[in-house]
**Student:** 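Please find one structure pasted underneath; my questions will follow.
Indexing begins at 1, ligand by ligand and atom by atom, following the structure's order.
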Amino acid sequence: MQIGTLKENYPGESRVAMTPESAIQLMKLGHACAIEAGAGLSAGISDDAYLAVGVKVLEGATALAATSDVIVKVRQPTKAEVDLLSSDKTLISFFYPGQNAELLELAKEKGANVIAMDMVPRISRAQKMDVLSSMANIAGYRAVIEAGNNFGRFFTGQVTAAGKVPPAKVLVIGAGVAGLAAIGVATSLGAQTYAFDVRPEVAEQIESMGAEFVYLDFADGEGGGHQDGAATGGYAAPSSPEFREKQLAKFRELAPQIDIVITTALIPGRDAPKLWLADMVAAMKPGSVIVDLAAERGGNCDLTVADQRIVSDNGVIIIGYTDFPSRMAAQASTLYATNIRHMLTDLTPGKDGKLVHNMEDDVIRGATVTFEGAITYPPPPPKIA
Ligand code: NAD
């Protein structure tokens with residue numbers, strides 16, 4: 001089979017779904033590999049680097065798709081890209097089937113099999129293909145770097161001949177994959193880091209990384225009973241009004257002292273909860289920075305504008321970029337291409353260049369959104385955790 005990689009055409013998208021290293025591994029599975037000319041350039045990979053390991057370089061998406069059995073890419077496809085598919089082809093990319101009914105219908109009409117990488121079940125066995133985690137890790141890292149780039153002071157405290165410098169105070173809201181990555185970077189840069197999540201089980205992880213878990217004050221005084229959002233299989237659920245009020249009161253108390261806020265709070269299938277309100281921004285010191293990783297889903301901060309860096313009336317910088325992984329395209333491409341390679345390894349059990357789309361396999365079934373002319377989204381729940 002030929003695995004072909006399209007050049008991303010979404011404005012500003014710099015990632016690529018195949019690297020020379022991932023291609024070498026795919027070839028060991030018996031596949032031939034091809035890229036659309038220039039596909040790796042914005043991630044720092046030249047056509048020559050692909051040619052050097054035996055990847056074909058083809059001019060244009062049409063030529064690439066016409067000769068490839070499996071087409072891989074990063075971003076959800078455009079309609080024009082779905083048009084390139086046919087009943088003998090498989091597409092593997094982000095797809096967000098829940099938000100792209102029309103695209104799903106078009107893929108079904110084409111008879112193509114589509115594997116949505118964003119639908120890979122988040123079970124232990126599938127961690128090696130979990131693109132949501134690999135990209136969230138990069139986003140969390142980059143959010144702190146971006147904050148540092150906009151913040152006018154050191155992260156670490158210093159005592160120098162020219163004066164004493166206090167450490168920056170960083171608050172991370174939401175300690176999932178992105179939040180934990182952000183905590184790791186902020187603490188390693190020497191910031192005094194605080195973190196909050198509705199899921200109490202993350203307190204230990206937060207503390208083991210050198211950050212302080214922000215507890216809420218409930219009258220019953222029970223340390224473990226303060227968070228309420230962990231009722232849905234390890235994922236956050238919307239907070240009760242009482243809990244939300246406590247949470248906002250705590251953030252209001254912290255706002256004047258915090259220099260950098262990184263927000264990552266998301267609830268599956270919903271708009272991002274608004275947690276850093278306009279009055280909290282107004283209470284922050286000028287020069288403070290907010291990086292809102294939830295910007296694409298409406299933002300955790302009242303003032304966030306998606307894809308923009310804005311400055312509030314009181315001089316707080318609010319960053320709502322939605323392309324953090326693409327801003328580290330070389331790293332993101334390496335990890336994404338490895339996730340894709342693992343998916344293709346599972347799809348090539350004989351290591352003989354033959355694709356076996358096994359719908360009995362929980363991971364493959366979970367991620368397959370169209371199969372043999374039918375829409376197969378949403379999938380049944382996975383059998384194994
Ligand atoms: P996410 O991006 O959906 O959410 C980010 C974080 O926001 C979560 O930690 C969530 O609890 C938090 N949040 C939601 N509402 C909040 C609020 N009001 N205030 C503060 N925080 C709030 O989550 P994610 O990073 O994709 O991961 C979530 C969970 O899934 C974690 O437990 C993670 O370890 C788990 N996970 C498991 C696997 C696996 O087993 N293969 C892989 C990835 C993630």
Side-chain angles (χ1 to χ4, degrees), residues 94 96 98 117-141 143 171-184 194-206 208-209 211 213-216 226-252 254 258 261-277 280 290-302 322 324-325 335 339 342-343 346 362-363 366-367 381-385:
F94 272 96
Y96 298 111
M117 290 303 286
D118 46 290
M119 287 299 297
V120 167
R122 299 184 93 179
I123 56 175
S124 307
R125 183 165 72 81
Q127 280 183 17
K128 59 191 181 185
M129 346 174 182
D130 184 349
V131 293
L132 295 178
S133 290
S134 64
M135 296 300 109
N137 176 27
I138 294 174
Y141 177 99
L171 171 65
V172 177
I173 302 176
V177 180
L180 288 172
I183 292 166
Y194 304 84
F196 178 86
D197 200 294
V198 289
R199 295 179 300 123
E201 66 266 28
V202 291
E204 205 178 315
Q205 278 171 286
I206 288 169
S208 74
M209 296 179 84
F213 189 65
V214 174
Y215 286 97
L216 301 185
H226 58 285
Q227 315 308 60
D228 73 344
T232 51
Y235 285 88
S239 304
S240 66
E242 190 208 4
F243 181 88
R244 183 176 158 79
E245 276 319 305
K246 293 269 184 210
Q247 183 176 357
L248 297 183
K250 179 56 83 176
F251 291 167
R252 242 170 227 125
L254 292 174
I258 296 292
V261 183
I262 312 276
T263 68
T264 79
L266 288 174
I267 299 163
R270 291 174 181 260
D271 287 344
K274 291 278 184 241
L275 299 172
W276 203 260
L277 308 187
M280 299 170 195
I290 299 167
V291 180
D292 192 340
L293 284 186
E296 201 162 11
R297 299 258 293 273
N300 291 138
C301 173
D302 263 350
T322 58
F324 284 105
L335 298 185
N339 294 143
H342 283 300
M343 173 58 80
D346 282 18
D362 259 0
V363 176
K383 292 189 278 289
I384 318 152

**Student:** Side-chain contact test, heavy atoms from C-beta onward, threshold under 4.5 Å: evaluate it for V261 versus M280 and give yes or no.
**Tutor:** no
**Student:** Any N/O of D130 closer than 3.5 Å to an N/O of ligand 1?
**Tutor:** no
**Student:** When you look for heavy atoms under 4.0 Å from ligand 1, do you find them on the side chain of A136, its backbone, both, or neither?
**Tutor:**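 Looking at A136 and ligand 1, no heavy atom falls under 4.0 Å.
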**Student:** Looking at G174, is its backbone amide N or carbonyl O close enough to the side chain of T264 to form a donor-acceptor pair, meaning the two atoms are under 3.5 Å apart?
**Tutor:**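 Answer holds: yes.
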**Student:** Considering the heavy atoms of L275, write down every atom of ligand 1 situated less than 4.0 Å from one of them.
**Tutor:**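 Those of ligand 1 that fall under 4.0 Å from L275 are 17 (C), 18 (N), 19 (N).
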**Student:** Given 3.5 Å as the limit, does a donor-acceptor pair link the side chain of N339 with the main chain of K128, or not?
**Tutor:**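 Yes; judged by distance alone, with no hydrogens or angles, the pair exists.
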**Student:** Would you say T263's side chain and V172's backbone share a donor-acceptor pair under 3.5 angstrom?
**Tutor:**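 Not confirmed, T263 side chain does not pair with V172 backbone.
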**Student:** Please verify whether a non-hydrogen atom of G179 lies at under 4.0 Å from ligand 1.
**Tutor:**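 Contact absent.
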**Student:** So I183 and I206, side chain to side chain contact (heavy atoms under 4.5 Å, CB included) or not? Walk me through it.
**Tutor:** CA-CA 8 Å; I183 292 166; I206 288 169; 4.0 Å; yes
**Student:** Select one of side chain, backbone, both or neither to describe which atoms of Q247 lie under 4.0 Å from any atom of ligand 1, heavy atoms only.
**Tutor:**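 It is the side chain that gets close, since no backbone atom is under 4.0 Å.
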**Student:** Give a yes/no verdict on whether any heavy atom in L132 is under 4.0 Å from an atom of ligand 1.
**Tutor:**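 The answer is no: ligand 1 sits nowhere under 4.0 Å from a heavy atom of L132.
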**Student:** Check this for me - ligand 1, V177, N or O atoms closer than 3.5 angstrom, yes or no?
**Tutor:** yes
**Student:** What do you reckon, does S133 have a nitrogen or oxygen under 3.5 Å from a nitrogen or oxygen of ligand 1?
**Tutor:**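 No: no nitrogen or oxygen of S133 is under 3.5 Å from one in ligand 1.
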**Student:** Can a donor-acceptor pair be found, under 3.5 Å and without considering hydrogens, that links the side chain of N300 to the backbone of A265?
**Tutor:** yes
**Student:** Give yes if a backbone or side-chain nitrogen or oxygen of A265 is under 3.5 Å from a nitrogen or oxygen of ligand 1, and no if not.
**Tutor:**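 Looking only at distances, the answer is no, because the N/O contact criterion of under 3.5 Å is not met.
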**Student:** List every atom of ligand 1 that sits less than 4.0 Å from any heavy atom of I123, numbering the atoms from 1 in the order shown and giving each element.
**Tutor:**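 Counting from 1, the qualifying ligand atoms are 41 (N).
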**Student:** Verify, without hydrogens or angle tests, whether R297 (side chain) and R270 (backbone) share a donor-acceptor contact under 3.5 angstrom.
**Tutor:** yes
**Student:** Mark yes or no for whether D292, through its side chain, and G299, through its backbone, hold a donor-acceptor pair below 3.5 Å.
**Tutor:** no
**Student:** If you measure from each non-hydrogen atom of V202 to ligand 1, which part falls under 4.0 Å: side chain, backbone, both or neither?
**Tutor:** neither
**Student:** Backbone, side chain, both or neither: what part of Q127 comes under 4.0 angstrom of ligand 1, heavy atoms only?
**Tutor:** side chain
